[in-house]
Amino acid sequence: MSRSASARANRRGEPPPSPEPLPAPAVDSHTHLDIVLGERPADGEHGEWASEDAVDAEIAAAEAAGIPRLVQVGVDVASSRWSAELAARHPNVLAAVALHPNEAGDGRATDDALAEIDRLAALPRVRAVGETGLDRYRTGPEGWDAQEAAFRAHIRIAKEHGIALVIHDRDAHEEILRVLDDEGAPEHTVFHCFSGDAAFAKACVERGHVLSFAGTLTFGNAGYLREAAALTPVDQLLVETDAPFLTPVPFRGRPNASRLVPHTVRGLVEVTGTDLEELCDQLTRTAERVFGPWGSGTRA
Ligand SMILES: [Zn+2]
Ligand SMILES: [Zn+2]
């Protein structure tokens with residue numbers, strides 16, 4: 001997500017307490033620490049980035065809850081640069097860089113902006129291009145052509161650099177697969193905040209894609225997501241917060257943070273029947289297969 005207005009709408013109430021720590025380390029495959037921590041400046045706008053101390057405290061709180069590995073996701077040029085810089089200085093963080101589909105639909109995926117994403121994608125701790133994709137909920141039909149062109153450009157950048165692709169799919173399941181099949185998906189393609197049903201999950205799984213589940217998995221009305229997760233091979237599953245959005249039950253509606261991932265991991269345990277510690281280990285293995293090792297300055 002990208003709009004500060006919706007960030008505010010998702011930050012009602014006190015931050016929830018941290019859950020009981022996980023028995024083994026797991027991951028947050030998709031977070032926006034810049035949005036969690038403040039009114040960060042969007043491209044061409046004024047604002048203030050969170051202080052290094054505030055960012056480090058947030059990352060330390062996640063580690064204390066059993067989440068020592070985070071993927072920090074950019075949504076425009078400014079936040080993509082910030083994400084790359086954070087990953088370069090903090091061992092717990094890898095970065096993903098992109099122009100969000102709603103930015104692209106607004107015409108902001110210019111040649112210059114895409115060239116900057118391409119430059120950032122070459123950095124050693126930038127391990128994914130994303131979030132990119134299609135959003136037919138917030139962007140109207142007048143923006144769809146620009147959105148698809150930007151999505152195709154992002155797919156090419158990911159393949160050129162041999163890094164993962166992180167997909168934002170809002171009300172566009174079939175269209176996303178059409179574009180991916182047409183361009184040829186990168187080896188590691190992740191559907192962030194997976195939002196499809198069992199049939200769509202099957203179509204993604206058959207193609208070898210990875211499904212990352214957010215707090216929505218725990219929502220009472222999300223039986224279709226639990227069905228989707230249940231049929232996904234455990235080595236094609238990831239978990240994420242998409243913080244500050246989509247806070248898991250029992251704190252739905254309050255501000256989200258990486259340290260709350262354990263709620264979603266425990267939700268996945270119920271759905272998959274996997275032992276909790278084993279699931280944590282598997283999630284870490286999958287994350288390192290997709291994004292490369294956190295502990296290293298190189299991708300190999
Ligand atoms: Zn996001
Ligand atoms: Zn998204």
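Indexing begins at 1, ligand by ligand and atom by atom, following the structure's order. Residues: numbered from 1 along the sequence shown.
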* Flag for His192-Glu240: side-chain donor and acceptor within less than 3.5 Å -> yes
* Asp242: its N/O/S atom lying closest to the Zn ion (ligand 1) (atom name) -> OD1
* To do: Could you tell me whether Arg170 sits above the aromatic face of Tyr137, with NZ or CZ closer than 6.0 angstrom to the six-membered ring centre and within 45 degrees of the axis?
  => yes
* Considering just N/O/S atoms, say which atom of Glu131 is closest to the Zn ion (ligand 1). => OE2
* Using only heavy-atom distances, determine whether the side chains of Asn256 and Thr241 contain a donor-acceptor pair under 3.5 Å. => no
* Asked: Which of these passes ring-ring contact (aromatic ring centres under 6.0 Å, His included) with His263: Phe213, Phe219, Phe251?
  -> Phe251
* Asked: Going by atom types only, do Asp281 and Thr284 share a side-chain donor-acceptor pair under 3.5 Å?
  -> no
* Of all N/O/S atoms in His32, which lies nearest to the Zn ion (ligand 1)? -> NE2
* Any N, O or S atom of His192 closer than 2.8 Å to the Zn ion (ligand 1) -> no
* Asked: Closer than 2.8 Å to the Zn ion (ligand 2), do we get an N, O or S atom from His168, backbone or side chain?
  -> yes
